[in-house]
Amino acid sequence: MTDNAQELASQYHVDLYGRYPITLTEGNGVYVTDTEGNEYLDALAGIAVCSLGHAHPKVVEAVREQAGKLMHISNFYYSKPQSALAKKLVEVSGLDKAFFCNSGAEAVEGAVKLARKYGSLQDKSGKIISMKNCFHGRTLGTIAMGKKKYQKGFEPIPKGFEQVPANDKKALKKKMDDDTVAVILEPVQGEGGVKPIDEDYIKHVRKLCDRHDAVMILDEIQCGVGRTGKMYAYQHFGIKPDIVTTAKALGNGFPIGAVIARDKVADAIKHGEHGTTYGGNPLACAAANATLQVMEDEDIPGQAAEKGAYFKQRLQQVAEDMDAIKEVRGKGLMLGAELRFEGGPVVEEMMKRGVLSNCASGNVMRFVPPLIITKEQIDTVIDVFIESLKEVEAHAKA
Ligand SMILES: *Cc1c(COP(=O)(O)O)cnc(C)c1O
């Protein structure tokens, strides 16, 4: 125990998280500082959240101003920030309508409810198909779609959810029928180990959903809002989903999520059938409006594409030189390097050297830095990654 926040947490916070022994106090751009005065280059960005970096002046200003004006009113009334954000999300997504919530899992729950409501109008029984190795959150409904290991101990699990292996067209075709309400997938699986789904497969999902009048839900909570080089990842493929879920980077750190849908599906739900107290309150929407404005003004998705290509190429060089890396994958600034061993110790070595990183799915180093990261800062991450890999390999041999 190195400081009071850690002692207090060990005594008073439920033991949910395996945490690193640092207490962070401040952030600025891609850097964060701890209580000991150590500075870290944050290549995790609060798990793909702080895409504009920490304490972005325009987001901070928007939050300050709105906090002093009106924070919360409930959804019994209209607010300017919420209506403006709904319009913006419709414009950037190419879909028709949006509604708000406070987190990713809640957005997925909203999407599933919307899809089921649409399906119920056609007398479907509610079957939802997800991909093996997916991640959609930690509520009961979202763990029902996800990995078995997150369900253990929380039974009974909600029913009506089935899985198919991603990228297997035949398996999906076999599983889908006129009773299928929806297919849900992440265009790039995040927690599952940074696995981009084949373009071909995504188009196949679109085709089968059309054939069976099922709802295509894309979970863009991690890969969306510019990270892959487009505002939403499906925009690389020239298709549109019926519903897209978005959260994480949407408020650049202020909690907010949204469900964006086509009219066809959105029209199935009427007022009183879903709702939330906080969802889309003026404060959260002001943060998101400011975030999206900066995204647009500074072509942040374009920056993610360019810097992501540089980062990926540097990782591929490392992979050529070092046997430790099995594969490099990802899109834009959502990158993964699959190791031949567990990644936990590498994350620790990187932290000792001043870079915050993360390991997903046991052995995949996941890099989801702020999209404003510079090439020089990417070089630093790469240098530290190489040193840390060498250190861990040397330890393993000793
Ligand atoms: C993080 C994540 C979620 C869950 O979001 P929370 O805000 O943690 O509830 C859902 N889907 C994907 C793809 C995610 O990456």
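We count ligands from 1, going down the list as the structure has it; atoms in each ligand are counted the same way. Only heavy atoms go into these numbers, but all of them, side chains included; no hydrogens, no water, no symmetry mates. Quantities reported herein were computed from a predicted structural model and do not represent experimental measurements.
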For K58, is the NZ atom crowded, meaning more than 12 foreign heavy atoms sit under 6.0 Å from it? no
task: If the plane angle is over 60° it's perpendicular, under 30° parallel, otherwise tilted; pick one for Y232 and Y234.
output: parallel
Angle between ring planes, Y278 versus H72, binned at 30° and 60°: parallel, tilted or perpendicular?
perpendicular
Across all chains, not counting sequence neighbours, the side chain to side chain donor-acceptor pair (under 3.5 Å) partners of K264 are D213
* Asked: Do V194 and L335 come close enough that some side-chain heavy atom pair is under 4.5 Å?
  -> no
Output for ligand 1, non-hydrogen cut-off under 4.0 Å, lists S103, G104, A105, F135, H136, G137, E186, D219, I221, Q222, K248
Closest non-hydrogen contact found for A268 with E273 is O-OE1, 4.0 Å
